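Here the structure comes first, spelled out in structure tokens, and everything after it is commentary.
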Protein chains: 2
Amino acid sequence: MPTQTRRERARDERRTLILRTARDLAESEGWDAVTTRRLAEAVDYSQPVLYGHFKNMDAIAGAVALEGIGELAAVLQAADGLHELARAYLEYAETHPAVYEAMFTRSTDLVFGTADSPSVLKAAFAAIRAAVEPYADGKDTETLTEVFWSALHGQATLTRGHRLRPTHAQPRADTLVALITSAGQHPLSGRKLPDTD
Amino acid sequence: MPTQTRRERARDERRTLILRTARDLAESEGWDAVTTRRLAEAVDYSQPVLYGHFKNMDAIAGAVALEGIGELAAVLQAADGLHELARAYLEYAETHPAVYEAMFTRSTDLVFGTADSPSVLKAAFAAIRAAVEPYADGKDTETLTEVFWSALHGQATLTRGHRLRPTHAQPRADTLVALITSAGQHPLSGRKLPDTD
DNA sequence: GTCCGGATCCTAGCACCGCTAGACAATCTA
DNA sequence: TAGATTGTCTAGCGGTGCTAGGATCCGGAC
């Protein structure tokens with residue numbers, strides 16, 4: 001059935017166009033500028049067309065977020081070592097602020113919850129966990145991963161909100177990594193840990 | 001001039017009423033529910049009255065945020081030691097989610113910038129810095145303070161967004177504090193650091 | 001006591017928002 | 001070619017932030 005396939009393909013292309021346009025608009029003017037009217041005009045369709053592809057406006061932002069999580073997971077998997085992963089994470093957040101905001105700051109309903117979209121999200125978390133594990137030193141790796149991720153997330157959001165000295169982003173990242181890499185180094189335990197630099 | 005004074009007092013009381021109502025509404029139903037119409041109805045005035053006290057809706061949220069920062073600063077100053085401070089910080093964020101959101105997640109324009117409101121904000125940061133300083137071990141205290149604060153902020157926001165295991169908030173906080181308190185404990189330096197527990 | 005001027009407040013409205021019903025056009029099926 | 005399905009649009013509803021312009025109150029001058 002080639003006709004049906006062509007229709008479906010056209011539909012997919014339009015969906016992709018909507019997402020790409022929404023994403024571009026959000027990155028250039030912020031999510032407040034991504035309204036149904038402006039988005040519909042940008043893709044040269046009327047507003048109801050958007051609702052043929054997405055349940056509502058939040059679903060569009062959610063789809064952009066999911067796309068971004070996939071990108072972030074790939075970036076983190078490609079990173080080698082904890083230091084490199086931290087750098088990659090913060091760089092992604094800085095260079096894609098609107099997507100990052102859609103992922104972790106905007107309303108959270110759909111993203112988490114082990115329902116229909118967790119695979120790519122688990123992949124991102126697993127990448128962080130893999131980089132953290134060598135430094136867990138037998139302790140709770142899951143918790144240490146959450147702590148490390150939270151710290152990265154905090155730096156990303158507070159830096160973006162101009163709450164931290166913009167000139168010291170690099171020392172902050174380095175300090176955080178150093179805290180983790182020397183985590184198990186208590187005076188009583190002289191165990192050697194893998195080096196990161 | 002008693003009449004002028006009474007007028008001013010009435011004006012101040014009304015301003016306080018607006019802020020308290022906005023805050024209550026935000027905490028009970030979220031900031032999306034704090035609209036000019038609902039807020040005006042709740043304080044039993046018409047919408048234009050709000051604009052006689054605040055430039056716009058964001059300014060109301062900003063005033064609530066400033067109020068919250070003062071509270072947070074007081075809470076942090078009252079805390080004794082790094083562990084206690086971390087607990088107090090996360091507890092405040094958890095028990096006042098809407099105020100915390102107004103402080104650090106919503107649009108950031110007015111809050112920072114060393115303009116007219118930094119004193120109370122600097123007090124909050126100074127309280128964190130004072131608790132961190134004993135563990136800086138001669139390194140850059142300011143950077144370590146930013147790292148610690150970012151980590152707390154990340155835990156607060158990701159926990160609230162249900163991105164972290166809700167059952168492990170305590171271990172996360174403990175782990176973060178442990179990372180800081182053992183920061184200077186490299187194998188080559190056997191210096192004794194103050195104990196926290 | 002009367003009147004005036006300024007402060008205060010409200011009604012009404014603008015342009016925009018997310019979202020949807022119902023009419024119309026285009027395309028596929030038979 | 002006739003009918004059914006799909007796609008798209010126009011028009012509109014109730015809501016939003018915010019403001020102009022008129023009414024109303026109230027302290028001070030005479």
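The structure displayed is predicted, hence computed values, not measured ones. Chain letters run A, B, ... following the sequence lines, proteins first, then strands; residues in each count from 1.
- Nucleotide C:dC10 holds its P atom 7 Å from the OH atom of B:Tyr45, rounded to whole Å.
- Judged as a side chain to side chain donor-acceptor pair (under 3.5 Å), and not counting sequence neighbours, the contacts of A:Asp140 are A:Thr143.
- Summarising the geometry, the separation between CD on A:Glu41 and P on D:dT8 is reported as 18 Å, rounded to the nearest angstrom.
- Scanning for ring-ring contact (aromatic ring centres under 6.0 Å, His included) contacts around A:His96 gives A:Tyr92, with sequence neighbours left out.
- A:Arg11 comes within contact range of no nucleotide atom at all, as no heavy-atom separation falls under 4.0 Å.
- Residues forming a side chain to side chain donor-acceptor pair (under 3.5 Å) with B:Glu29 (at least two apart in sequence, or on another chain): B:Arg38.
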- Note on the structure: Protein-proximity profile, nucleotides 13-25 of chain D, B/S/- by nucleotide at the 4.0 Å heavy-atom cutoff, equals ---BBBBB-----
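- When the salt bridge (Lys or Arg N to Asp or Glu O under 4.0 Å) test is applied to A:Glu71, the partners found at least two apart in sequence or on another chain are A:Arg23.
- Among residues two or more places apart in sequence or in another chain, the side chain to side chain donor-acceptor pair (under 3.5 Å) test is passed with B:Gln47 by none.
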